[in-house]
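Contents: one structure, followed by commentary.
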Amino acid sequence: DLVLRLEDQDDSGQVETERGEVTVYYDDSSPGPDLSVASHLASGSDGRVYLLDGGTVDAVLCLEDRSGDLDANDAGDVRVFYDNSNPELPAIATANTLVGAPDGSFYLSDDGSAARRVLHLVDLNRDGDVLDHPGAAGLGPLGERHRRVDRRGLPLTWDVQRADQVVGA
């Protein structure tokens, strides 16, 4: 399993393998987790690439070429952004779509038999992941709106350090 980087370097309008325009960006040889079903990529507002693996890994990985060698296969280039490791957060059942929002958050569609919902993933404490606090708010079944919204009508998310400041929590 791998993620390919496609770049039309000669502006021909085509990506050609014989010209070196197709390279491996991330694969199972990296120090990061092995991929099972890499199903969706999203570009973050921070310039990083976010990969949804909706198979046995059930995680959103953050891929970043920190060494400048045009791949994310080196130590420190990959980290888990969200997964099922924290039992206090909604578990991913069968994730199938990841979309980045302009504010840096992500929406994850979870469509399995155990859950039909959209998760709003927000890194409120800016530590690079949504693993250690309830910044991932389950928005409920697909097609329904979250019952709690802020004064602007946006889905309510919270940070453990600020939970006492949330009205109606």
Side-chain angles (χ1 to χ4, degrees), residues 1-9 15 21-86 88-111 115 117-140 142 146 149-150 152-162:
D1 295 317
L2 51 86
V3 175
L4 297 175
R5 183 174 185 268
L6 310 175
E7 181 182 12
D8 181 12
Q9 298 171 356
V15 176
E21 296 177 331
V22 178
T23 57
V24 174
Y25 188 69
Y26 180 79
D27 65 15
D28 290 343
S29 71
S30 87
D34 287 348
L35 301 177
S36 61
V37 181
S39 55
H40 208 267
L41 286 172
S43 180
S45 62
D46 57 7
R48 296 177 178 105
V49 175
Y50 291 81
L51 172 66
L52 172 62
D53 191 311
T56 56
V57 175
D58 286 333
V60 177
L61 304 176
C62 176
L63 307 177
E64 179 183 13
D65 176 17
R66 299 177 69 143
S67 63
D69 61 356
L70 301 179
D71 68 41
N73 277 329
D74 303 310
D77 284 356
V78 61
R79 62 184 158 75
V80 175
F81 183 72
Y82 186 75
D83 67 4
N84 292 339
S85 62
N86 186 340
E88 295 179 22
L89 300 177
I92 300 171
T94 307
N96 58 28
T97 304
L98 182 69
V99 177
D103 66 0
S105 66
F106 292 89
Y107 290 90
L108 185 148
S109 170
D110 195 12
D111 193 14
R117 61 191 171 186
V118 175
L119 299 178
H120 188 198
L121 306 177
V122 184
D123 181 14
L124 290 174
N125 66 0
R126 296 187 172 104
D127 66 348
D129 62 49
V130 184
L131 297 172
D132 50 359
H133 56 83
L139 300 183
L142 298 175
H146 193 274
V149 294
D150 69 11
R152 297 170 294 168
L154 299 174
L156 182 63
T157 57
W158 62 94
D159 190 343
V160 167
Q161 293 93 6
R162 300 181 327 165

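All values reported here derive from a predicted model rather than from experimental measurement.
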Exercise. Between G100 and A42, which heavy-atom pair has the shortest distance, and what is it?
Worked result: N-CB, 4.1 Å
Problem set entry | Closest heavy-atom pair and its distance - N73, S30 | OD1-CB, 3.1 Å
Problem set entry | Over all atoms of both residues, closest heavy-atom pair of A72 and L63 | CB-CB, 4.0 Å
For this session: Could you tell me which residues satisfy side-chain hydrogen bond (donor to acceptor under 3.5 Å, both in side chains) with R79, sequence neighbours excluded, listed by chain and number?
Result: none
Problem set entry | Flag side-chain contact, heavy atom, 4.5 Å: V80 against L61 | yes
Exercise. Can you name the nearest heavy-atom pair linking G104 to S45, along with the distance?
Worked result: CA-OG, 3.2 Å
Problem set entry | Donor-acceptor contact present, side-chain N84 to main-chain I92, <3.5 Å | yes
Seminar exercise, completed: What one should report as the nearest heavy-atom pair of S67 and D74 is OG-OD2, 2.8 Å
Problem set entry | Closest non-hydrogen atom pair, A95 against D110 | N-OD1, 3.4 Å
For this session: From the options D71, L2, D1, select the one residue that forms a side chain to side chain contact (heavy atoms under 4.5 Å, CB included) with D27.
Result: L2
Exercise. Is the ring centre of Y82 less than 6.0 Å from the ring centre of F106?
Worked result: no
Exercise. Are side-chain N/O atoms of S36 and D53 paired as donor and acceptor at under 3.5 Å?
Worked result: yes
For this session: Only one of V78, L98, L35 passes side chain to side chain contact (heavy atoms under 4.5 Å, CB included) with L51; say which it is.
Result: L35
Problem set entry | By side chain to side chain contact (heavy atoms under 4.5 Å, CB included) - contacts of V15 (at least two apart) | L6, D8, E21, V22
Exercise. Any side-chain heavy-atom pair from N86 and L131 closer than 4.5 angstrom?
Worked result: no
Problem set entry | Heavy-atom side-chain proximity of T94 to N96 below 4.5 angstrom | no
Exercise. Does the side chain of T23 reach to within under 4.5 Å of the side chain of L70, using non-hydrogen atoms?
Worked result: no
For this session: Step by step, work out the side-chain contact (heavy atoms from CB on, under 4.5 Å) result for D83 and V60.
Result: CA-CA 6 Å; D83 67 4; V60 177; over 6 Å; no
